[in-house]
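For reference, the structure is listed below as structure tokens.
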Number of protein chains: 2
Amino acid sequence: MALPDTRTKILDAAEHLFAERGYRGTSVRAVTDLAGANLAAVGYHFGSKAELLAAVARRVTEPITAAQSAGLDELLARTADPQVAELVEAFAGPLFDEMPAGSESGARTSRLIVTILSDPAEEARSWTGPDEDTVRERYLAAFARALPGLAPQELLFRMRGIFAVTAVDRVEVYHRPSPACPTVTAGEEARRWAITFLTAAMSAPPTRAHR
Amino acid sequence: MALPDTRTKILDAAEHLFAERGYRGTSVRAVTDLAGANLAAVGYHFGSKAELLAAVARRVTEPITAAQSAGLDELLARTADPQVAELVEAFAGPLFDEMPAGSESGARTSRLIVTILSDPAEEARSWTGPDEDTVRERYLAAFARALPGLAPQELLFRMRGIFAVTAVDRVEVYHRPSPACPTVTAGEEARRWAITFLTAAMSAPPTRAHR
DNA sequence: ACATGAGTCATACGTTCGTTTTAATCGAAC
DNA sequence: GTTCGATTAAAACGAACGTATGACTCATGT
């Protein structure tokens, strides 16, 4: 394999460190040190630390969004009204998938997403592209068809729940490395548990209006 | 009412700012400025920024943990085997309750919890006391009785899901102030939606072992 | 041969951070 | 009325941060 250029080495290092320590907890110096690059390389290749974060986020999010979109396409090609379980699997599945690169990068990816999303820093919040919104809206429409009678706002609440479960799970795994069973919840098992959990949750009857 | 002393004024300001900007994003100076106190007061009253965070976290978490514990006590006094829905409500409910102080402090509280929990900073991770663990284990046992046949690890996964949904919901509300309906998901409605969502999720049949 | 441009490098700048230090202030006990 | 412990005030410290700058390297095109 060809040795990676400085730009991707920085990207890799930044992804690792942002995921582990957060945006604010990661200094540009730490990134360039881990990447074996010079401090000024970040400014040269990305402009600023915030733009580096955006580049990392884009690289991580892109294949996930693409897989979500393709999964929905496949579903809709088969039937006009997919079942809730199918939609959940198509939407949440890619969030559990390993990246093609390494073995541990799957957990790292989800960790990165939630770390970024929950980071209160201003720069960490405005990196989503139009693709993410498009996919989200398409799934929203599909879920709305599969769950008639559910108020749009409760549906929105539930879709947030999907993301919450998939993301926060990984954070906990990352934060509390239980020495007994480190990889039990990682990988395929967590994926299936999550789909069970979320399918049941999404399929719940609408909450009755209060009073 | 008596005007609060410097210590509680700092505690209040820190709670507000930690919730809004995170631990790393909040400077000690910002806290003391908002509190109308002197910079050195933090060092004097709390020792360090990290210990200030711990004090804030304790103050926020304590009543929630107490309410969770009391809720379970009430349930167990009535019946030896509470239903899943009752357990979910007793466990997740307090996370949605408003604090006695103000109107908006409810969302701020949950926001604080998840901000702290998801903060990768070392100081932000080791503030939980033994009470939290005790309550968690008691609920774990109660859920295990209510959900026979569910593997312990899948049950653990699901309990993480409860926390994920309640916490991340608040983050999203905080992060993306939708101009159309700012307070729709806040308060009582989100609480009932969450309980619907989580009760269905917890009650799902166990995931079948793969292969 | 040599000018060009992208890439890399060491270094410095200005700012902000958490913490510490020293002096001033206040209320109550004697 | 003085003394003393408890707080607050103001200033300063050293370290770490993001960023900008200018020189250097070197393959490439002519």
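The chains referred to below are lettered A, B, ... by the order of the sequence lines, with proteins before strands, and numbering in each begins at 1.
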C/dT8, OP1 or OP2 - any side-chain N/O from A/His45 closer than 4.0 Å? yes
- Closer than 4.0 Å, any side-chain N/O of A/Thr6 to the OP1 or OP2 of C/dG7? no
Heavy-atom closest pair (B/Gly71 atom, B/Ala90 atom, distance to 0.1 Å) is C-CB, 4.2 Å
Rounding to the nearest 10°, end axes of the helix from C/dA1-D/dT30 to C/dC30-D/dG1 built from five pairs each make an angle of 10°
Can you tell whether the side chains of [X] and [Y] come within less than 4.0 Å, N to carboxylate O?
X	Y	value
B/Arg136	B/Glu132	no
B/Asp73	B/Arg138	yes
B/Arg59	B/Asp12	yes

Could you check whether B/Ser48 and B/Glu51, counting side-chain N and O atoms only, form a donor-acceptor pair closer than 3.5 Å? yes
Testing the 3.5 Å rule here: is there a donor-acceptor pair between the side chains of B/Thr134 and B/Asp131?
no
When you compare the protein's N or O atoms with those of nucleotides 26-28 of chain C, which come within less than 3.5 Å of each other, and at what distance?
none

To the nearest angstrom, the OH-P distance between A/Tyr44 and C/dG7 comes to 4 Å
From CD of B/Glu51 across to P of C/dT20 the rounded distance in Å is 10 Å
Given protein heavy atoms under 4.0 Å, the one-letter contact record of nucleotides 14-25 of chain D, with B base, S sugar-phosphate only and - none, is simply ---BBBBB----
